[in-house]
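Working notes, structure below.
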Amino acid sequence: MEFTVSLDSPFSLEHTLKSGQLFRWRKRGEWWYGVVSGSVLKIQQDGDTLRCITGSDRLDSGFVTNYFKLDEDLEHVLGTLTKDEVVTRAIEKYYGLRLVRQETWECLGSFVLATNANIPRIEKMVAAICARYGTRFEFEGDSYSSFPAPGVLAGAAMADLRACGLGYRAPFLKHVAASVADGKIDFDGLAALPFEDSRKVLLKELLGEKVLLGVGPKVADCVLLYSCGKDEAFPIDVWIARVLAKSYPRLIDSSLRARLARDGKIKLSYGDYLRLSQSVRKHFGRYAGYAQQYLYMDAREREA
DNA sequence: TAGCAGGAAAATC
DNA sequence: GATTTTCCTGCT
């Protein structure tokens with residue numbers, strides 16, 4: 001199926017797909033190829049038009065609009081952020097970068113793998129579990145695999161999971177997959193809850209047993225921001241922590257600031273994370289997640 | 001709450 | 001080629 005989507009709000013496909021939210025997009029020639037919802041979405045931006053070619057009728061213009069959140073007025077969103085030189089420069093540089101709305105299970109499964117790994121490695125791990133456990137299909141003569149269903153990963157042998165290069169993350173992914181397969185997390189309900197409540201759901205325990213092993217506040221924030229439309233979520237990873245320490249010290253409470261100055265290294269305890277997260281969300285406002293994504297992109301590109 | 005381990009691969013030296 | 005770092009969380 002082939003169609004176009006006209007943009008009436010700023011959008012940069014390139015910045016969005018390279019911003020570290022998604023792990024399954026590759027550029028070949030002028031086209032971006034992604035496996036989304038079990039089919040290939042092939043897409044190219046030409047000014048204010050998106051050209052799309054898909055392998056499934058389900059991936060129509062409505063789907064694309066929803067996936068890239070094109071219904072969200074980016075100018076308005078960025079206008080609400082509390083500006084300063086640092087975030088203003090990042091926004092100018094990567095203007096059009098948008099948060100996406102990916103499928104919650106895939107997002108959760110992917111970010112469980114993201115602990116202590118860099119992006120090339122995460123992409124490799126995700127590709128490996130898709131190839132090993134996903135459903136294979138063809139598009140334009142090439143072979144692709146869907147992101148595996150939770151029930152499939154829940155039933156996977158630990159040794160096979162480890163063989164995908166997951167290391168110590170293998171048992172976490174299996175556990176999370178089993179919880180999801182057993183319906184212990186109400187994904188649909190998440191979007192309807194206030195932000196802090198939705199995060200509590202992802203971090204919750206039942207009968208003294210953690211429901212989602214390997215999911216702490218950072219991963220929870222990623223899931224809520226990238227798949228549940230919680231635009232106020234502000235995931236704090238090592239890159240963002242460095243940006244905050246360098247450019248936003250006044251958002252960091254004195255105790256943490258003192259420890260940062262003392263040992264230089266940035267390690268956030270659970271309590272540190274929640275306090276800092278709240279402080280930063282209060283500063284940037286209800287679309288804080290957009291500020292986070294622009295700052296993250298800028299910090300990473302600067303390094304490269 | 002603080003300290004540490006965890007597995008493997010990428011970055012860096 | 002060795003060492004350090006890596007979009008962190010769980011356990012004690």
Side-chain angles (χ1 to χ4, degrees), chain A residues 16-25 90 94 97 99-100 102 106-129 132 158-176 179 199-200 202-205 208-227 233-245 253 255-256 258-260 262-277 280 288-304:
Chain A
T16 300
L17 293 180
K18 287 163 106 173
S19 69
Q21 307 171 63
L22 298 157
F23 302 107
R24 299 206 70 197
W25 285 87
Y94 301 103
L97 165 59
L99 293 169
V100 300
Q102 54 180 298
E106 176 170 342
C107 186
L108 174 61
S110 299
F111 277 95
V112 163
L113 301 180
T115 65
N116 267 348
N118 51 29
I119 289 181
R121 170 121 196 250
I122 300 164
E123 290 177 342
K124 199 171 272 188
M125 288 187 282
V126 171
I129 61 167
R132 174 70 178 77
M158 197 62 79
D160 293 340
L161 274 178
R162 282 185 182 277
C164 293
L166 308 192
Y168 69 90
R169 303 167 191 80
F172 292 152
L173 181 62
K174 185 175 160 97
H175 178 270
V176 167
S179 292
R199 182 161 63 182
K200 280 179 191 156
L202 288 176
L203 298 175
K204 80 177 170 188
E205 303 186 3
E209 209 170 324
K210 200 154 191 308
V211 177
L212 300 175
L213 273 177
V215 177
K218 190 270 177 182
V219 171
D221 281 347
C222 287
V223 172
L224 293 169
L225 182 63
Y226 304 141
S227 80
F234 193 97
I236 304 170
D237 54 65
V238 292
W239 295 89
I240 290 298
R242 284 194 287 252
V243 171
L244 293 176
D253 68 71
S255 140
L256 176 58
R259 273 179 288 144
L260 283 177
R262 181 166 48 103
D263 26 277
K265 267 202 166 176
I266 298 171
K267 39 181 180 153
L268 301 176
S269 73
Y270 195 89
D272 289 335
Y273 186 99
L274 295 186
R275 276 192 297 279
L276 183 53
S277 160
V280 175
Y290 278 86
Q292 185 271 353
Q293 212 59 29
Y294 279 90
L295 290 171
Y296 177 76
M297 186 83 168
D298 190 40
R300 282 187 50 84
E301 286 279 308
R302 192 176 302 280
E303 193 77 4

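Per chain, numbering begins at 1; letters A, B, ... match sequence-line order.
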Partner residues of [X] under the ring-ring contact (aromatic ring centres under 6.0 Å, His included) criterion, sequence neighbours left out:
| X | value |
| --- | --- |
| A:Phe172 | none |
| A:Phe23 | A:Phe111 |
| A:Tyr290 | none |

My understanding is that only residues two or more places apart in sequence, or in another chain, count here; which of them pass side-chain hydrogen bond (donor to acceptor under 3.5 Å, both in side chains) with [X]?
| X | value |
| --- | --- |
| A:Asp237 | none |
| A:Tyr296 | none |
| A:Asp160 | A:Arg132 |
| A:Asn116 | none |

Describe the nucleic acid contact of [X] in one word from base, sugar-phosphate, nothing, applying a heavy-atom distance below 4.0 Å.
| X | answer |
| --- | --- |
| A:Tyr296 | base |
| A:Gln293 | nothing |
| A:Ser255 | nothing |

**Flag if over 12 foreign heavy atoms under 6.0 Å of CD, A:Glu205** =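 Atom CD in A:Glu205 is crowded, with more than 12 foreign heavy atoms closer than 6.0 Å.
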**Item:** Heavy atoms from other residues, nucleotides or ligands near NZ of A:Lys200 exceed 12 (cutoff 6.0 Å)
**Value:** no
Without decimals, in angstroms, what is the distance between [X] [atom1] and [N] [atom2]?
| X | N | atom1 | atom2 | result |
| --- | --- | --- | --- | --- |
| A:Arg275 | B:dT1 | CZ | P | 6 Å |
| A:Lys267 | B:dA2 | NZ | P | 9 Å |
| A:Asp221 | C:dC8 | CG | C1' | 13 Å |
| A:Arg259 | B:dA2 | CZ | P | 5 Å |
| A:Ile122 | C:dC8 | CD1 | C1' | 11 Å |
| A:Ile119 | C:dT5 | CD1 | P | 19 Å |
| A:Leu113 | C:dT6 | CG | P | 19 Å |

**Complete:** Dot-bracket assigned to DNA chain C with the 3.5 Å Watson-Crick/G-U criterion, [ ] for crossing and | for other-strand pairs, is ||||||.|||||
**Asked** Which residues pass the salt bridge (Lys or Arg N to Asp or Glu O under 4.0 Å) test with A:Lys174, sequence neighbours left out?
**Response**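 Checked A:Lys174 against salt bridge (Lys or Arg N to Asp or Glu O under 4.0 Å); zero matches.
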Using a cutoff of under 3.5 Å, can you pull out all pairs of nitrogen or oxygen atoms linking the protein to nucleotides 9-13 of chain B, with atom names and distances?
from	atom 1	to	atom 2	distance (Å)
B:dA9	O4'	A:Arg121	NE	3.4
B:dA10	OP1	A:Lys124	NZ	2.5
B:dA10	O4'	A:Asn118	ND2	3.2
B:dA10	O3'	A:Asn118	ND2	3.4

Result block: side-chain N/O donor-acceptor pairs under 3.5 angstrom for residues 211-218 of chain A, not counting sequence neighbours:
none

Find every protein N or O atom lying less than 3.5 Å from an N or O atom of nucleotides 9-12 of chain C, and list the pairs.
from	atom 1	to	atom 2	distance (Å)
C:dT9	OP1	A:Gly216	N	3.0
C:dT9	OP1	A:Gly216	O	3.2
C:dT9	OP1	A:Lys218	N	3.3
C:dT9	OP1	A:Val219	N	2.9
C:dT9	O3'	A:Gly214	N	3.3
C:dG10	OP1	A:Lys210	NZ	3.4
C:dG10	OP1	A:Gly214	N	2.7

